[in-house]
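Start at 1 and go down the list; that is how both ligands and their atoms are numbered.
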Amino acid sequence: MTINVSRSLLPTPTGLLEIPALPEVAQTVRPVYFSLVVPTYNEGRNIQRIVSILTGLLDQTFPHDYELIVVDDDSPDRTWELAQQMLPDYPQLRVMRRQTERGLSTAVIRGWQVATGQVLGVIDGDLQHPPEVLPQLLQKIAQGADLAVASRHVEGGGTSDWGVVRRFLSRGAQLVGLVILPSVVGRVSDPMSGYFMVRRSAISHCLMNPLGYKILLEVLGRGQVREVAEVGYVFQERQEGESKVTWRQYVEYLGHLVKLRSRGRISRFTAKFPVDRFLRFGLVGLSGVAVDLAAFYLLRVHLGLPIARSTMLSAEVAVINNFLWNDLWTFGDISQNQPGTRQRLKRFLKFNLVCLAGIILQALLVSLLHDAFGMNEFGSKLMAIVLVTFWNFWINLKLSWRVTDVRK
Ligand code: GDD
Ligand code: MN
């Protein structure tokens, strides 16, 4: 049964960014199971390929029970027109040309507002998100997940040959998110992902108010998502056109985090703060202080090494001590699900980096508290140790022993 009852463009919704339980159009056409939005801006050289590949794939999985919704923001290369010309050959295709609004996140929401599916998805229109991952995501939803995310940071995931800068920016953005909005960003391993699907019931009647590119943050931050599942995918190199990500998207991302945080997400965070695990982490840290001092004594008194070298070596001995105990005891229940030497070495390297960042943070805090606020030296050192312990604990929990509520 054809979905697009006419070959014309879809009407563009206006007003609030709220996903209805089911849109009015569902009174005139039979609703489908799965609606996949493809947001486009200047994808004229990709649009035919992506529509034909997605159609070929979904015709096998859900014949006549899905729809593709291209939401184009009046691209200068007239992507919307190229998509519209495909309508006669692709009965499951629908096309929206937005002329008064712009932006990736709102494009996805406007597409979901006219969708008729019980499951709402989004995939980039430039073939950087491999379509062959879709059946695995749909399977996760069928198994009960409310949200199924294609992630670059779980087994089977990765980025093709991203430069160091883009990798650093992406991981850095994730780190900032873990600090500002841990209860949201910490729920998935790839909060930057723009490739996922969500059960309509988990986001219907939620008033969305996204900024920029990160629609997944909005779904996690405002939706009622209980179960999250993840599937690894490798982010592909673009063949045609170029990325629209600029520094502006990173600034908008920060604004988006702060906006979501101000919605009282803190309460949910404190309710979920793992106190017992934190206490174990603190005890391990104390054992590290004793090991640090003992090693320092041995290196200085018995081996006569210079003080700077003794300090650094004894600090590293303490880090190794802390990692072993944390990996065994504090986070043992998590690390046992991440077996193998390679995984353990990865955790150890991340732990070291976080501790190194913690040492730098501690030095900054001591000078701030002592020099700027006139606090006495030992008081500022003690205060800095306490603050950095929270930092070390939280970032290690979310990065080194990354735990997501992924269905096993
Ligand atoms: N309608 C609309 N409006 N579409 C847009 C806009 C816009 O303002 N900006 C970008 N798009 C479309 C692009 O045409 C493309 O199909 C998709 O959104 C992603 O845009 P890119 O500019 O190619 O983003 P990227 O490849 O650097 O990053 C993508 O992948 C990351 C990892 O999943 C984005 O999806 C990121 O959000 C995501 O983190
Ligand atoms: Mn892209």
For Glu218 and His256, does a side-chain donor sit closer than 3.5 Å to a side-chain acceptor? yes

Near ligand 1, which residues have a heavy atom under 4.0 Å away from one of its atoms? Pro39, Thr40, Tyr41, Glu43, Val71, Asp73, Arg102, Gly103, Leu104, Ala107, Asp124, Gly125, Asp126, Gln128, His129, Arg152, Arg166, Met192, Ser193, Gly194, Tyr213, Lys214, Tyr233, Phe235, Arg238, Ser243, Lys244, Val245

Does Met86 CE have over 12 foreign heavy atoms under 6.0 Å away? yes

Sequence neighbours left out, cut at 3.5 Å: what donor-acceptor pairs do the side chains of residues 46-54 make with other protein atoms?
residue : atom : partner : partner atom : Å
Asn46   : ND2  : Glu43   : OE1          : 2.8
Asn46   : ND2  : Glu240  : O            : 3.2

So for atom CZ, which belongs to Arg309, do other residues, nucleotides or ligands contribute more than 12 heavy atoms lying within a distance under 6.0 Å? no

Given Val95 and Asp72, is the side-chain contact (heavy atoms from CB on, under 4.5 Å) satisfied, shown in steps? CA-CA 8 Å; Val95 181; Asp72 183 70; 5.7 Å; no

Does the side chain of Asn392 come under 3.5 Å of the side chain of Thr389 through a donor N or O and an acceptor N or O? no

Excluding sequence neighbours, so at least two apart, what forms salt bridge (Lys or Arg N to Asp or Glu O under 4.0 Å) with Lys381? none

If you measure only the distance, is there a donor-acceptor pair under 3.5 Å linking the side chains of Ser189 and Ser151? yes

Passes side-chain contact (heavy atoms from CB on, under 4.5 Å), Val317 versus Phe296? Steps please. CA-CA 9 Å; Val317 169; Phe296 183 72; over 6 Å; no

Note, the Mn ion (ligand 2) has protein N, O or S atoms under 2.8 Å numbering 2

